[in-house]
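Read through the structure below, which is laid out as structure tokens, and then see the notes.
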Number of protein chains: 2
Amino acid sequence: MRWEDLDQQPCSLARTLAVVGDRWTLLILRDCFLGVRRFDAFEQRLGVTRHVLTDRLKKLVSYGVLYKSPYQERPLREEYRLSEKGLELHPVILGLVGWGDKHMSDERGAPIIHIHKSCGQEMHATTHCSVCGKAITAKDIKVEVATSWQGHLDEFLPSKSR
Amino acid sequence: MRWEDLDQQPCSLARTLAVVGDRWTLLILRDCFLGVRRFDAFEQRLGVTRHVLTDRLKKLVSYGVLYKSPYQERPLREEYRLSEKGLELHPVILGLVGWGDKHMSDERGAPIIHIHKSCGQEMHATTHCSVCGKAITAKDIKVEVATSWQGHLDEFLPSKSR
DNA sequence: AAATATAGGTTCCTTTTTAGAACTTGTCAA
DNA sequence: TTGACAAGTTCTAAAAAGGAACCTATATTT
């Protein structure tokens, strides 16, 4: 498999990485969730080269994660904003942040905290079953080929998980 | 910022990406969660070059996400297994898969389904507040600098989110 | 009027990563 | 004795990223 063919793989993880799996892309999205919208603001905050930044923003717009919105005319200036599709990446960001808070923090602990507006408390994200609502861990889940894909994915699942 | 300095940033997202943010790393971890453990199995399934695979596995072991476990002696052969720390990346995988299922699927739908062993149902992951247990979206969360970092992160949060 | 600033890029050249193939090492089986 | 196997390492070529300078349209300052 070549990296550029990722979005045609029969795997939702691979297809998502086709959108957000390049270097810097998830850091750009982190800044979007913090309210950053303009090219030069991303550039200064990330220290990424303009060439890479142009490429990543273009890709995110082409996949519909961000959209360009004019904030002045003459000369036309546009900023980058999260679409509904982009906002739905928030659980991914929270997952990565949560793991880093727990496993990569130094003695000062997590730099940023998340307040749940509705309960007012400092929280972190937990992952739950959409059906029964219970919290889950990796060992609570079994994986299967969807019926619509049976016969087309024979070699994808290694025998251990079948 | 240089990509190699990611693990020293005052940001848990950046620090997590120092571990899992390189090309192919999250696909390697996907396979680990499917039960793949051996060098040649990763190589065949991913089509990644041996050079890159060696580098990524070494990095994951050095960060304690995977550990090497001998499965035969003479000649010594070792396989790569998820540590407890690695298993805790499952919410990140589920988040990426869930987004791909929703936004990147073709007409056949999601290739892989997840069964919650305890309730027996086909589920997807939802994200909740660890304090009150309610399901959350991006707009339910407010971000603040942790007290232990105040004064050291003045420029990190753009004014919009403060 | 001329020079400078600004936002959002593009161009050019160098360095780092990745791709692709061949080679290595220790052991076992034919 | 030859070949296979697992898990790499080494080599060269191609692609991506880093770094600096340049471009464009407009607005402001000198």
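To find a chain, count down the sequence lines: A is the first, B the second, and so on, and within it residues start at 1. Side-chain atoms are counted along with the backbone in the values below, which use heavy atoms only and exclude waters and symmetry mates.
Between A:Asp5 atom CG and D:dA15 atom P there is a gap of 14 Å when expressed in whole angstrom units. Atom CG of A:Leu53 and atom P of C:dT10 are 11 Å apart (whole Å). Rounded to a whole Å, the CG atom of A:Leu57 is 14 Å from the P atom of D:dA17. Atom-to-atom, CZ of B:Arg37 to P of D:dA6 comes out at 16 Å; the value is rounded to the nearest Å. Following rounding to the nearest Å, A:Lys68 (NZ) and C:dA7 (P) show an atom-to-atom distance of 16 Å. Taking atom CG of A:Asp40 as the reference point, atom P of C:dT6 lies 10 Å away to the nearest angstrom. Distance, B:Glu79 CD to D:dG8 P: 12 Å, rounded to whole Å. As rounded to whole Å, 10 Å separates atom P of C:dG8 from atom CZ of A:Phe42.
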Worked verdict on B:Val19 versus B:Asp7 for side-chain contact (heavy atoms from CB on, under 4.5 Å): CA-CA 8 Å; B:Val19 182; B:Asp7 65 350; over 6 Å; no
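Contact check, B:Tyr71 against D:dA7: a side-chain N or O comes under 4.0 Å of OP1 or OP2. The side chain of B:Tyr80 places an N or O atom within less than 4.0 Å of a non-bridging phosphate oxygen (OP1 or OP2) of D:dG8.
Under the 30°/60° scheme for interplanar angles, the aromatic rings of A:Trp24 and B:Trp3 are found to stand perpendicular.
Among the heavy atoms of the strands, none lies under 4.0 Å from A:Gln72.
Partner A:Pro111 forms a side chain to side chain contact (heavy atoms under 4.5 Å, CB included) with one of B:Cys11, B:Ser12, B:Ser148 and no other, that one being B:Ser12.
If you check the side chains of B:Thr126 and B:His124, you find no donor sitting under 3.5 Å from an acceptor. Judged purely by distance below 3.5 Å, without hydrogens or angles, the side chains of A:Glu88 and B:His103 pair a donor atom with an acceptor atom.
Within the cation-pi definition used here (under 6.0 Å to the ring centroid, within 45° of the axis), B:Arg38 qualifies as a partner of B:Tyr71.
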Whether each nucleotide of nucleotides 12-26 of chain C has a protein heavy atom under 4.0 Å at its base (B), only at its sugar-phosphate (S) or at neither (-) is summarised, 5' to 3', as ------SBB-----B
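Distance check, rounded to the nearest 0.5 Å: OG of A:Ser69 to CZ of A:Arg77 gives 14.5 Å.
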